[in-house]
Amino acid sequence: MRIRLVAVTAAATGALTVLTAIPAHAAEYTSALKIRGIQYDAPGSDSNSCSTGNTDEEYLAIKNYSSTKTVNLKGYGVKDKAGNRFEFTANHYLQPGDYVKLRGGNGTDSDRNNVVYRDNCNFMWNNDKDTIYVYKPSGSRADVHSYTKSGSDPDNNGYIKYHG
């Protein structure tokens with residue numbers, strides 16, 4: 001009886017170790033779409049002027065990690081911790097291994113150039129810390145990541161790489 005209790009305790013401790021080894025900000029979801037990286041701090045001084053600002057230099061890169069499935073982004077959504085939202089309302093197809101940069105500001109969306117603009121000149125991502133959520137058209141989460149400037153960006157260039 002004592003041996004079984006020790007084995008169960010050891011197994012439970014091992015399970016606890018496994019659970020605590022996974023950072024809370026790196027929850028994994030079953031989705032081909034994942035956050036590849038984020039340029040959360042646009043180079044230079046932040047200016048959200050539509051004509052001369054640099055919100056287009058702030059972007060979220062989302063990649064299709066499937067090896068066989070093309071994904072249409074129409075209906076997918078992105079939001080931050082404060083509740084700022086963007087929804088892909090037009091068809092935008094990501095081939096296996098392909099990615100799109102969701103940029104701030106105004107511009108022409110392009111499948112060929114892998115870019116979609118939010119058509120909003122306000123910055124979406126905070127420069128000090130934030131949480132990024134990507135939602136499937138069904139409303140379930142596809143991916144989520146949190147960052148802090150001091151803890152997630154060791155080279156201090158305003159860009160964080162996630163899934164590669």
Side-chain angles (χ1 to χ4, degrees), residues 22-66 69-95 97-164:
I22 301 171
H25 67 276
E28 291 297 323
Y29 297 91
T30 55
S31 174
L33 289 185
K34 300 236 183 259
I35 299 167
R36 179 180 185 216
I38 183 169
Q39 182 72 47
Y40 67 91
D41 188 1
S45 297
D46 287 353
S47 170
N48 60 359
S49 165
C50 282
S51 59
T52 61
N54 61 341
T55 55
D56 63 332
E57 295 299 317
E58 178 186 86
Y59 64 86
L60 177 68
I62 301 172
K63 183 175 177 178
N64 178 0
Y65 284 89
S66 171
K69 181 181 173 188
T70 297
V71 177
N72 184 358
L73 291 177
K74 186 175 183 178
Y76 276 82
V78 173
K79 77 173 195 169
D80 72 347
K81 189 172 187 170
N84 296 307
R85 297 176 179 271
F86 174 83
E87 183 176 329
F88 291 92
T89 57
N91 292 320
H92 189 92
Y93 296 94
L94 290 182
Q95 303 299 320
D98 204 3
Y99 68 93
V100 65
K101 287 183 178 179
L102 175 60
R103 291 189 175 275
N106 298 308
T108 303
D109 297 349
S110 170
D111 277 345
R112 198 174 103 222
N113 294 325
N114 295 332
V115 65
V116 171
Y117 288 88
R118 290 188 295 109
D119 293 327
N120 183 323
C121 297
N122 293 319
F123 289 95
M124 185 165 182
W125 312 112
N126 294 330
N127 288 352
D128 60 343
K129 63 182 177 179
D130 213 333
T131 302
I132 312 155
Y133 304 91
V134 177
Y135 288 94
K136 298 177 184 181
S138 67
S140 64
R141 284 189 186 161
D143 201 10
V144 62
H145 286 280
S146 294
Y147 65 85
T148 62
K149 182 174 187 158
S150 61
S152 307
D153 188 7
D155 58 3
N156 223 12
N157 67 354
Y159 182 81
I160 300 168
K161 187 175 184 179
Y162 290 108
H163 294 283

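In this structure, the side chain of N54 engages the main chain of S47 through a donor-acceptor pair within 3.5 Å. In this structure a side-chain-to-backbone donor-acceptor pair under 3.5 Å is missing from N91 to K74. At least one donor-acceptor pair under 3.5 Å links the side chain of D109 to the backbone N or O of Y117. With hydrogens and angles disregarded, a donor-acceptor distance shorter than 3.5 Å links the side chain of N64 to the backbone of K69. Judged by distance alone, with hydrogens and angles left aside, the side-chain atoms of N72 form no donor-acceptor pair with the main-chain N or O of Y93 at under 3.5 Å.
In this structure, the side chains of N84 and W125 stay at 4.5 Å or more apart for every pair of heavy atoms. Between Y76 and P137, some side-chain heavy-atom pair lies under the 4.5 Å cut-off. Counting only heavy atoms from C-beta outward, the side chains of D111 and H92 approach each other to under 4.5 Å.
Interatomic distance, CG of D41 versus CG of D46, reported as 5.5 Å (0.5 Å rounding). Atoms OH and CD1, from Y133 and I35 in turn, are 10.5 Å apart once rounded to the nearest 0.5 Å. Distance check: T55 OG1 to R103 CZ gives 10.0 Å after rounding to the nearest 0.5 Å. Of the inter-residue distances, the one linking S150 atom OG with K129 atom NZ reads 9.5 Å to the nearest 0.5 angstrom. Here CD1 of I160 is found 11.0 Å from CG of L60. Values are rounded to the nearest 0.5 Å. Atom-to-atom distance recorded for I62:CD1 and L73:CG is 6.5 Å, nearest 0.5 angstrom.
Enclosure of atom NZ in K79 by more than 12 non-hydrogen atoms of other residues, nucleotides or ligands within 6.0 angstrom is indicated.
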* Which is it for V115 and Y59 under the side chain to side chain contact (heavy atoms under 4.5 Å, CB included) test, yes or no, and what are the steps along the way? -> CA-CA 10 Å; V115 65; Y59 64 86; over 6 Å; no
* Given side chain to side chain contact (heavy atoms under 4.5 Å, CB included), test K149 with N156 step by step and report yes or no. => CA-CA 7 Å; K149 182 174 187 158; N156 223 12; 3.3 Å; yes
* Verdict with reasoning, V78 to M124, per side chain to side chain contact (heavy atoms under 4.5 Å, CB included) -> CA-CA 10 Å; V78 173; M124 185 165 182; 4.1 Å; yes
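The shortest non-hydrogen separation linking S146 to S152 is O-OG, 4.4 Å. Closest approach of F123 to A42, counting heavy atoms only: CE2-CB, 4.0 Å.
Between Y40 and the choices D153, D80, D130, the side chain to side chain contact (heavy atoms under 4.5 Å, CB included) rule is met once, by D153. D143 pairs with exactly one of K136, R36, H163, K63 by the side chain to side chain donor-acceptor pair (under 3.5 Å) rule, that one being H163.
A cation-pi arrangement is absent between K34 and Y65 under the rule of less than 6.0 angstrom and at most 45 degrees off the ring axis.
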